[in-house]
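These numbers come from a predicted model, not from an experiment. Here is how names work: the chains are called A, B, and so on, in the same order as the sequence lines, proteins then strands, and each is numbered from 1. Below, all heavy atoms of this structure are taken into account, side chains as well, without hydrogens, waters or symmetry copies.
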Protein chains: 2
Amino acid sequence: MRIVVADCSVDYAGRLSAHLPRAKRVLMLKNDGSILVHSDGGSYKPLNWMSPPCTLAPLEPDEDQLAAGIVEAWEVTHKKTADRLIVSIFEIIQDSSHDLGVDPGLIKDGVEAHLQELLAEQIDRVGEGHTLVRREYMTPIGPVDILARDATGASVAIEIKRRGEIDGVEQLTRYLELMNRDPVLAPVQGVFAAQEIKPQARTLAEDRGIRCLLLDYDEMRGMEDKNTLF
Amino acid sequence: MRIVVADCSVDYAGRLSAHLPRAKRVLMLKNDGSILVHSDGGSYKPLNWMSPPCTLAPLEPDEDQLAAGIVEAWEVTHKKTADRLIVSIFEIIQDSSHDLGVDPGLIKDGVEAHLQELLAEQIDRVGEGHTLVRREYMTPIGPVDILARDATGASVAIEIKRRGEIDGVEQLTRYLELMNRDPVLAPVQGVFAAQEIKPQARTLAEDRGIRCLLLDYDEMRGMEDKNTLF
DNA sequence: CCGTGTATCTCGGGC
DNA sequence: GCCCGAGGTACACGG
């Protein structure tokens with residue numbers, strides 16, 4: 001990792017063309033050849049960047065550039081696409097390098113995948129006597145989160161969201177339409193399960209005959225603990 | 001802007017909980033109080049971060065932490081949500097500050113709007129004998145990108161995307177449903193035009209009788225150049 | 001202020 | 001490898 005603070009301008013050509021006028025910025029050069037150009041504002045997104053895999057090479061400034069005050073220039077090119085980023089440096093204010101080693105990486109906890117896992121284990125939360133057929137049941141337009149059967153053996157397609165909004169109801173509707181054409185599955189009942197269901201989503205779902213199910217994450221996790229600890 | 005290279009561990013609690021085990025990393029502290037935690041890999045996204053508006057305050061390490069080798073700790077709290085990020089520092093390897101000033105910002109040359117403009121000019125790409133009615137044809141639920149007529153005079157509604165995905169098909173479907181209720185327009189044929197159409201989107205579109213049209217941006221731009229240069 | 005649509009999205013998982 | 005869904009999405013633009 002090399003960190004350079006410099007007065008510079010930047011030009012990018014790839015999916016779009018973009019230009020950064022001359023200003024003081026922080027350039028972060030990672031070991032994989034990638035580069036981030038950060039200013040003192042914005043959020044975590046750099047003003048401009050090049051994602052790996054890419055290579056950084058020095059460019060020889062021509063006479064015009066030297067006359068304009070450019071003391072150094074870098075060309076960062078992507079290895080697979082034609083993306084190109086050029087940093088023109090007017091002054092280097094700080095330049096330091098550090099060996100950071102390989103990062104152990106982020107450990108995350110508590111997302112949608114976990115909800116799906118829990119509901120698959122506790123499928124009777126969908127209704128008494130329900131049984132799991134499989135998670136991520138594939139259809140030509142994407143995977144249904146959970147396919148189950150109710151006590152009578154009828155198919156139940158379950159879409160799980162952390163926050164249930166209209167998009168999720170649309171998604172489930174598409175699956176249901178397709179699955180109901182399959183004589184082996186039809187008729188398929190839809191269940192929209194989420195930790196929180198927006199009123200508009202609930203209205204739309206119920207209007208389409210889709211059942212809504214609120215999930216209590218803490219309670220479900222508690223159940224799991226009970227199952228695993230004893 | 002303060003840049004700290006340090007041996008540290010990080011804990012985050014907010015929408016999710018996350019933990020970064022002890023390792024050498026780069027900490028970028030922006031003037032608005034926000035912080036980015038970067039490693040030497042990944043892309044422009046930090047391992048962890050806090051977006052503005054937020055405040056950074058030093059935490060006094062307790063005995064256990066001091067015994068564990070923590071020499072300093074920071075608490076970064078979001079001003080509106082309950083998000084909290086804690087950086088525990090075992091060793092500071094480098095610490096520097098710079099006044100970067102306000103950045104003039106990125107100047108983009110877009111592509112998205114240009115596609116619509118080009119297709120309106122080259123409307124026969126939709127089909128022989130097609131004529132443009134108008135761009136951004138307003139409906140009660142939003143503007144259709146292009147309304148045209150085919151060689152027989154029948155209405156054609158065109159939705160344009162750079163990348164055609166399922167959402168775009170849904171959007172066009174809603175427009176078509178509405179427009180087909182208007183006796184002046186009906187029947188309206190749907191055309192889903194994009195530089196790239198995902199298989200699932202194509203499947204859904206064709207299932208709904210919507211025609212898919214691949215757009216070649218370079219070719220279309222080339223046509224335009226020919227028109228404008230000579 | 002909030003919703004909507006886009007993104008050089010990034011990131012992870014399945015096939 | 002591609003394709004797809006999710007995101008602490010971020011971000012601009014419109015109402």
Side-chain angles (χ1 to χ4, degrees), chain A residues 10-18 34-37 41-52 54 76 78 80-85 105-106 108-117 134-145 159-163 165-168 171 175 198 200, chain B residues 12-18 34-37 41-52 54 76 78 80-85 105-106 108-113 115 136 141-143 145 159-168 170-171 174 194 196-204:
Chain A
V10 181
D11 290 278
Y12 167 77
R15 296 285 284 267
L16 54 70
S17 298
S34 63
I35 182 171
L36 319 185
V37 181
S43 68
Y44 68 66
K45 200 175 175 182
L47 291 165
N48 216 327
W49 71 93
M50 183 68 78
S51 309
C54 58
V76 188
H78 198 272
K80 302 202 165 177
T81 68
D83 290 29
R84 222 164 71 104
L85 185 138
L106 190 69
K108 281 190 186 182
D109 181 35
V111 259
E112 181 185 317
H114 198 202
L115 268 181
Q116 189 193 113
E117 195 182 314
R134 67 164 297 171
R135 290 168 56 188
E136 303 286 349
Y137 178 85
M138 281 306 304
T139 77
I141 55 168
V144 179
D145 287 338
E159 179 65 35
I160 300 169
K161 295 284 176 206
R162 210 160 43 71
R163 287 182 315 184
E165 299 179 28
I166 277 184
D167 281 3
Q171 195 180 340
Y175 293 145
K198 295 285 169 72
Q200 290 188 354
Chain B
Y12 167 76
R15 292 286 286 268
L16 54 73
S17 299
S34 63
I35 181 170
L36 319 186
V37 181
S43 174
Y44 69 64
K45 199 174 176 182
L47 291 165
N48 217 327
W49 72 95
M50 185 66 79
S51 310
C54 58
V76 188
H78 199 272
K80 301 200 166 179
T81 68
D83 290 28
R84 222 164 72 104
L85 184 136
L106 188 68
K108 280 190 187 185
D109 291 339
V111 173
E112 188 73 26
L115 264 182
E136 303 284 349
I141 54 169
D145 287 339
E159 179 65 34
I160 301 170
K161 297 281 177 210
R162 202 168 54 70
R163 289 183 357 183
E165 299 181 28
I166 275 183
D167 283 2
E170 294 287 12
Q171 196 181 336
R174 288 194 295 271
E196 181 194 344
I197 296 178
K198 293 291 167 69
Q200 293 190 353
R202 179 179 290 275
T203 303
L204 183 65

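- Atoms NZ and CG, on A:K108 and B:L16 in that order, are 6.0 Å from each other to the nearest 0.5 Å.
- The distance from atom CD of A:E165 to atom P of D:dT9 is 10 Å, rounded to the nearest whole Å.
- Rounded to whole angstrom, the span from the OH atom of B:Y12 across to the P atom of D:dT9 amounts to 8 Å.
- Within the 4.0 Å cut-off from OP1 or OP2 of D:dG5, at least one side-chain nitrogen or oxygen of B:Q200 is found.
- The CG-P distance, from B:D83 to D:dA10, rounds to 10 Å in whole Å.
- A:S34 places none of its side-chain heavy atoms less than 4.5 Å from the side chain of A:M50.
- Distance, B:L204 CG to D:dC4 C1': 14 Å, rounded to whole Å.
- Separating the SG atom in A:C54 from the CZ atom in A:R84 is a distance of 13.5 Å, to the nearest 0.5 Å.
- More than 12 heavy atoms of other shown residues, nucleotides or ligands fall within 6.0 angstrom of atom CZ in A:R135.
- When the nearest nucleotides of DNA chain D are assigned to B:K198 and A:K80 by heavy-atom distance, the more 5′-ward of the two goes with A:K80.
- If you take CD on A:Q171 and CD1 on B:I166, they are separated by 8.0 Å, rounding to the nearest 0.5 Å.
- Counting only distance, with no hydrogens or angles, the side chain of B:S17 and the backbone of B:A13 share no donor-acceptor pair below 3.5 Å.
- With distances taken from any side-chain atom of B:R174 to the nucleotides D:dC3, D:dA6, C:dG5, the minimum falls on C:dG5.
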TODO: Check the pair A:L85 / A:W49 against side-chain contact (heavy atoms from CB on, under 4.5 Å), numbers first and verdict last.
DONE: CA-CA 8 Å; A:L85 185 138; A:W49 71 93; 5.7 Å; no
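- One interatomic measurement links the two molecules: CG of A:L47 to P of D:dA12, which rounds to 11 Å at whole-angstrom precision.
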Between the protein and nucleotides 9-15 of chain C, list the N/O to N/O atom pairs that are separated by less than 3.5 angstrom.
{"unit_1": "C:dC9", "atom_1": "OP2", "unit_2": "A:R15", "atom_2": "NH2", "d": "2.9"}
{"unit_1": "C:dC9", "atom_1": "OP2", "unit_2": "B:R162", "atom_2": "NH2", "d": "3.2"}
{"unit_1": "C:dT10", "atom_1": "OP1", "unit_2": "A:S51", "atom_2": "OG", "d": "3.4"}

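- The environment of CZ in B:R202 is crowded: more than 12 heavy-atom neighbours from other residues, nucleotides or ligands sit within 6.0 Å.
- Once rounded to the nearest 0.5 Å, the distance linking CD1 of A:I160 with CD of A:E117 reads 10.5 Å.
- Using a 4.0 Å heavy-atom distance criterion, A:M50 is classed as making no nucleic acid contact.
- As rounded to whole Å, 14 Å separates atom P of D:dT9 from atom NZ of A:K161.
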Provide a list of protein-nucleic acid N or O atom pairs under 3.5 angstrom, restricted to nucleotides 13-15 of chain D.
none

